[in-house]
J.: 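One structure is given below, represented as structure tokens, and several questions about it will come after.
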Protein chains: 2
Amino acid sequence: MIKIADVARAAQVSPSTVSRALTKPDLVAPETRERVLQAARQLGYQPNKLARGLRKQQSRLLGLIVSDILAPFHATLAKGVQDAAEKHGYMVFLFNSDEQPEKEARYLQELQSHWPEGLLIVPTAKTRQHLRNLRSAGSMPIIELDRTSGTPGVHAVLVENVLGAREAVEHLISLGHRRIGMVTGEPVITTAQERLEGYRQALKAAGIALDERLVANGYHKEEGGYAATLQLLRLPAPERPTALFVGNSEMAAGAVQAIRDLGLRIPEDISLVSFDDTRWAQLMEPALTVVAQPAYEIGYLACETLVSLLRQKAPAEGRILRLKTRLLIRHSTARPRED
Amino acid sequence: MIKIADVARAAQVSPSTVSRALTKPDLVAPETRERVLQAARQLGYQPNKLARGLRKQQSRLLGLIVSDILAPFHATLAKGVQDAAEKHGYMVFLFNSDEQPEKEARYLQELQSHWPEGLLIVPTAKTRQHLRNLRSAGSMPIIELDRTSGTPGVHAVLVENVLGAREAVEHLISLGHRRIGMVTGEPVITTAQERLEGYRQALKAAGIALDERLVANGYHKEEGGYAATLQLLRLPAPERPTALFVGNSEMAAGAVQAIRDLGLRIPEDISLVSFDDTRWAQLMEPALTVVAQPAYEIGYLACETLVSLLRQKAPAEGRILRLKTRLLIRHSTARPRED
DNA sequence: AAATTAACTGCAATCGTTGTCAAAAGCGGT
DNA sequence: ACCGCTTTTGACAACGATTGCAGTTAATTT
């Protein structure tokens, strides 16, 4: 690799001058500058970011930990973050915790040793402890995405989960459904709590009593969604739900398969709404009614916020931003059968 | 941040001893070692990777550039790479070229300045030039994924595109189809070339003349797939294909929509096979017959190969590994209608 | 023409870590 | 008590880039 000394030799100046010519061009004489720039170009010089970071005590690095890079929601989130980071000259270290707290802890350690200037994270169940253990956490701004860990002083960019869920369930109610089941996620995750709360509020507002048997845990995963859906649809006829609200798209995929395996038809036999939009939700037959989240915007906004936090060095107190969801009514919801 | 000098002070030893206690424990006396380790633990010391990298002239960093992180295939690829990298103590810098050569060039530059020890890349149309311009490329092992750029000396991990495509088309032929259309990707991309070649071979082996009008370019994207499919299915009846082979899943999504918009039914009116398996291909009705690729394995294997290349410092000559595809026959293919 | 100022450049120290070298300390044997 | 040996430790110099300070030259003013 070409280093600054090589360029200096080629341009017949000192390393200091090369450095200045490249980073503070107006401090060096025009001819010298030209000579240096040309030499640098010719040799293909690229400043070593390790050395620069060490000297300037800044890495221009951000850490991003998502909980499932294979889920389109998270991939989109990551893209938003990266695009925003790039705009401001930051690089992003992307990790995938797979919802596993141990992995998250390991990656946080690893990340820390690379001196990131800020951290963006989709927290898992143990994030709060992990962040407490991180020494540098006090100095480094942290933004949580999609969910919160409850760590004090941390910023977050989320969506209106309660409202979004409520609108989805109200849609079902307006179609005439009364027995509406919910497949929820891990109760420790705030999105699961909030979406369940929205479900509760919608029922309450419509004067429908909450039946605990109609709420099943799908643990945020496809298999869990499958199992939870089977459980709900195998209830004896009078209690069996005529519509299902599912907490995220992974579980919704399981739900669709469970419904098919039971030989039921959507929406004739059962209506289905899910949080989170995906390609398959649009392409499946019938297209799925969903609560769409602005995933890209969440990532982008979170990163913008982080960068602006880094600009003003005063460590602002934690603020929570919430973006709106949109209920996309497609063809998986209809009036309940009259029997 | 705690640095080595802080630990040294706390443990009453010199910085050198701290460094040794942490990295070469058997070179320091047991009691001293304990004292140092405890001080380090207590202070939450994390070695600064920037400084270490600078001093040791190694970054333990790998670069990964994929061409579309939102596509499940690429996300899975990335996961495979990361998992393998983590196993060997490497970090991965992930970038997304969005198939745009300029972005790729920019990221390659940016990456280079972080001193990666190796590079994994899903090449775009201009990768060959970009790599030629990279000074460090000579010293740094490079592995291409999914496609090749044709850069001499570069390693690659690909799939059996010709064979996979051929099997898919042979499947259609065995069902009785004779007019089979193909929606292909950008011709500069090797996967598109190879899959087209497989299509040709299958037709030839069955004694079916190739009709150029049955091959349409979908440019690797959903919209392109939509347009190409419309074009093929609007051919006058005698030439119109009874089956379609689509070069990747993005274009397949477009194809499905085009078919629906034309009011045709799969597989009664038209059979459909696509390269690349996805969640929606499994969930759509009817489930799509596909040529599945071992995406995770490609990433994992590529990274393993890269690491082993780094271990043995002799720069081995470029080798190409090809993994097998699997034809998953589902319900989007059937005998052609007799009319 | 001398004095003052401005513009430009180089020296040397620095960031945190590691490896080399040599000094110091401990040990057993004579 | 002294010698040679091993074990343990610390001082110091890098790695590559940046920057405060000081020095040199040229330009401007008196």
Side-chain angles (χ1 to χ4, degrees), chain A residues 1-37 39-40 43-61 89 91 110 112-117 135-136 139, chain B residues 1-37 39-40 43-61 89 109-110 112-117 135-136 139:
Chain A
M1 280 293 298
I2 309 298
K3 54 182 140 177
I4 217 168
D6 301 323
V7 180
R9 206 172 317 117
Q12 313 251 53
V13 291
S14 75
S16 332
T17 304
V18 176
S19 172
R20 271 186 293 250
L22 294 169
T23 58
K24 297 161 183 157
D26 34 326
L27 283 187
V28 325
E31 321 131 47
T32 326
R33 190 197 313 151
E34 258 324 298
R35 197 145 37 90
V36 170
L37 259 42
L43 294 170
Y45 170 74
Q46 282 290 120
N48 183 329
K49 293 265 163 100
L50 272 72
R52 174 183 285 178
L54 183 60
R55 171 66 232 241
K56 298 182 78 168
Q57 299 286 80
Q58 55 161 239
S59 60
R60 296 280 127 167
L61 225 59
M91 298 268 284
E110 182 64 27
Q112 190 190 190
S113 71
H114 282 267
W115 274 31
E117 295 181 25
R135 298 286 155 155
S136 59
S139 57
Chain B
M1 278 293 298
I2 309 299
K3 55 182 138 175
I4 221 169
D6 300 324
V7 180
R9 206 172 317 115
Q12 313 251 49
V13 291
S14 75
S16 329
T17 304
V18 174
S19 173
R20 269 187 298 250
L22 293 169
T23 58
K24 297 161 181 159
D26 35 329
L27 284 186
V28 327
E31 320 132 46
T32 325
R33 190 197 314 151
E34 258 325 297
R35 199 146 35 92
V36 171
L37 259 44
L43 294 172
Y45 171 74
Q46 282 290 119
N48 182 331
K49 293 264 163 97
L50 271 70
R52 174 182 287 177
L54 183 60
R55 172 66 231 240
K56 301 183 75 169
Q57 299 284 82
Q58 55 161 238
S59 59
R60 298 280 127 168
L61 225 60
Q109 290 267 322
E110 181 64 26
Q112 190 189 191
S113 71
H114 282 268
W115 275 33
E117 296 181 23
R135 296 287 154 156
S136 58
S139 58

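Convention: sequence-line order gives letters A, B, ...; per-chain numbering from 1. Since the structure is predicted, the reported quantities are computational estimates derived from the model, not experimental observations.
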J.: Restricting to nitrogen or oxygen on both sides, can you table the protein-nucleotides 26-28 of chain D pairs closer than 3.5 Å?
T.:
none

J.: Check side chain to side chain contact (heavy atoms under 4.5 Å, CB included) between A/A11 and all other residues, then give those that pass, not counting sequence neighbours.
T.: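 Per chain and number, A/A11 pairs via side chain to side chain contact (heavy atoms under 4.5 Å, CB included) with A/V13, A/R35, A/V36, A/A39.
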J.: Roughly how many Å is it from CD in B/E31 to C1' in C/dG26, rounded to a whole number?
T.: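 That distance rounds to 12 Å.
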J.: Does anything in residues 46-59 of chain A pair up under salt bridge (Lys or Arg N to Asp or Glu O under 4.0 Å), and if so which pairs, sequence neighbours excluded?
T.: A/K49-B/E110
J.: Do any pairs count as a salt bridge (Lys or Arg N to Asp or Glu O under 4.0 Å) and have a residue in residues 2-29 of chain B, sequence neighbours left out, and if so which ones?
T.: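 Every salt bridge (Lys or Arg N to Asp or Glu O under 4.0 Å) pair that includes a residue of residues 2-29 of chain B, provided the two are not neighbours, is B/D6-B/R9.
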J.: My understanding is that only residues two or more places apart in sequence, or in another chain, count here; which of them pass side-chain hydrogen bond (donor to acceptor under 3.5 Å, both in side chains) with A/Q46?
T.: none
J.: Nearest whole Å is fine: how far is C/dA7 P from A/D26 CG?
T.: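 Result: 12 Å.
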J.: Check whether any side-chain nitrogen or oxygen of A/Q57 sits under 4.0 Å from OP1 or OP2 of C/dG16, and answer yes or no.
T.: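 The answer is yes; a side-chain N or O of A/Q57 sits under 4.0 Å from OP1 or OP2.
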J.: Looking for any heavy atom pair under 4.0 Å, which part of the strands does A/L27 touch: base, sugar-phosphate only, or nothing?
T.: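 Since a base atom lies under 4.0 Å of A/L27, the category is base.
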J.: Looking at residues at least two apart in the chain, or sitting in another chain, which of them share a side-chain hydrogen bond (donor to acceptor under 3.5 Å, both in side chains) with A/T23?
T.: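 Listed in chain order: nothing, the list is empty.
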J.: Calculate the interatomic distance between A/L54 atom CG and C/dT17 atom P; express it in whole Å.
T.: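 To the nearest whole Å, that distance equals 9 Å.
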J.: Grab the CZ-P distance between B/R35 and D/dT8 for me, whole Å please.
T.: 13 Å
J.: Return the set of residues passing side-chain hydrogen bond (donor to acceptor under 3.5 Å, both in side chains) with B/R60 (not counting sequence neighbours), or none when no residue passes.
T.: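 Counting only residues at least two positions away or on another chain, B/R60 forms a side-chain hydrogen bond (donor to acceptor under 3.5 Å, both in side chains) with B/Q58.
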J.: Check nucleotides 17-23 of chain D against the protein and report each pair of N or O atoms closer than 3.5 Å, with its distance, or say if there are none.
T.:
unit_1: D/dA17; atom_1: OP1; unit_2: A/Y45; atom_2: OH; d: 2.8
unit_1: D/dA17; atom_1: OP1; unit_2: A/N48; atom_2: N; d: 3.3
unit_1: D/dA17; atom_1: OP2; unit_2: A/I4; atom_2: N; d: 2.4
unit_1: D/dT18; atom_1: OP1; unit_2: A/R52; atom_2: NE; d: 2.5
unit_1: D/dT18; atom_1: OP1; unit_2: A/R52; atom_2: NH2; d: 2.9
unit_1: D/dT18; atom_1: OP2; unit_2: A/S19; atom_2: OG; d: 2.9
unit_1: D/dT18; atom_1: O2; unit_2: A/R55; atom_2: NH1; d: 2.1
unit_1: D/dT19; atom_1: OP2; unit_2: A/K24; atom_2: NZ; d: 2.6
unit_1: D/dT19; atom_1: O4; unit_2: A/S16; atom_2: OG; d: 3.4

J.: Could you state the atom-to-atom distance from CH2 of B/W115 to C1' of D/dG16 in whole Å?
T.: 7 Å
J.: How close do A/Y45 and A/L22 get, counting heavy atoms only, and between which atoms?
T.: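 Minimum heavy-atom contact is CE2-CD1, 3.5 Å.
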J.: Sequence neighbours left out, what passes side-chain hydrogen bond (donor to acceptor under 3.5 Å, both in side chains) with A/T17? Give chain and number order.
T.: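 Checked A/T17 against side-chain hydrogen bond (donor to acceptor under 3.5 Å, both in side chains); matches are A/S14.
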